[in-house]
Amino acid sequence: MTGEKFRLIRLYSSMSQRDFAEYIGVSTATVAHIETGNRMVTPMVISKLADKFDLTDDFLSYVEKYRRLSQ
């Protein structure tokens with residue numbers, strides 16, 4: 001998982017970095033570092049995301065729209 005996908009999950013959930021960090025059980029600094037590419041998304045963080053989120057077709061559609069708009 002990339003930092004961009006991680007960020008999109010947060011944006012799709014309409015959460016601030018702080019709220020997102022609290023929700024998945026990591027520090028705000030971890031969220032910021034992942035989103036800026038200074039830290040990789042670890043298997044532990046991925047498992048926390050999987051536990052909290054159901055990444056539906058709506059989310060995948062959101063990712064595609066974001067990619068098109070950012071090109």
Side-chain angles (χ1 to χ4, degrees):
M1 172 181 285
T2 66
E4 178 185 30
K5 285 182 184 174
F6 181 85
R7 180 174 175 265
L8 289 174
I9 293 169
R10 179 179 66 79
L11 293 175
Y12 184 76
S13 303
S14 301
M15 291 187 204
S16 67
Q17 285 185 341
R18 187 173 117 210
D19 292 341
F20 190 70
E22 288 177 16
Y23 185 69
I24 64 171
V26 299
S27 71
T28 304
T30 296
V31 171
H33 287 297
I34 290 171
E35 290 186 3
T36 58
N38 293 325
R39 183 178 288 173
M40 302 226 8
V41 184
T42 65
M44 174 71 88
V45 172
I46 291 171
S47 74
K48 289 175 185 253
L49 289 172
D51 185 49
K52 295 288 186 177
F53 294 97
D54 179 22
L55 302 182
T56 64
D57 289 337
D58 286 341
F59 172 73
L60 298 175
S61 175
Y62 176 82
V63 169
E64 281 305 309
K65 287 178 187 173
Y66 178 83
R67 283 186 183 151
R68 279 187 253 138
L69 289 173
S70 62
Q71 291 180 354

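No hydrogens, no waters, no symmetry mates; every other heavy atom, side chains included, goes into these values.
Under the 4.5 Å side-chain criterion, counting only non-hydrogen atoms from C-beta, L11 is not in contact with F6. You'll find the side chain of M15 stays beyond 4.5 Å of the side chain of E22, heavy atoms only. In this structure the side chain of T28 never reaches within 4.5 angstrom of the side chain of F20, judged on heavy atoms.
The backbone N or O of V26 sits nowhere less than 3.5 Å from a side-chain atom of T30 that would complete a donor-acceptor pair.
A continuous path of ILVMFWY side-chain contacts below 4.5 Å connects L8 to I46, so both sit in one hydrophobic cluster.
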message = Working note: E4 + E35, criterion side-chain contact (heavy atoms from CB on, under 4.5 Å); need CA distance, chi angles, decisive distance, verdict.
response = CA-CA 6 Å; E4 178 185 30; E35 290 186 3; over 6 Å; no

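Note that OG1 of T36 is 11.0 Å distant from CZ of R7, once rounded to the nearest 0.5 Å. Here OG of S47 is found 11.5 Å from NZ of K52. Values are rounded to the nearest 0.5 Å. To the nearest 0.5 Å, atoms CE (M44) and CD1 (I24) are separated by 11.5 Å. In this structure, CD on Q17 lies 10.0 Å from CD1 on I34, to the nearest 0.5 angstrom.
Residues satisfying the ring-ring contact (aromatic ring centres under 6.0 Å, His included) test with Y23, not counting sequence neighbours, are F53.
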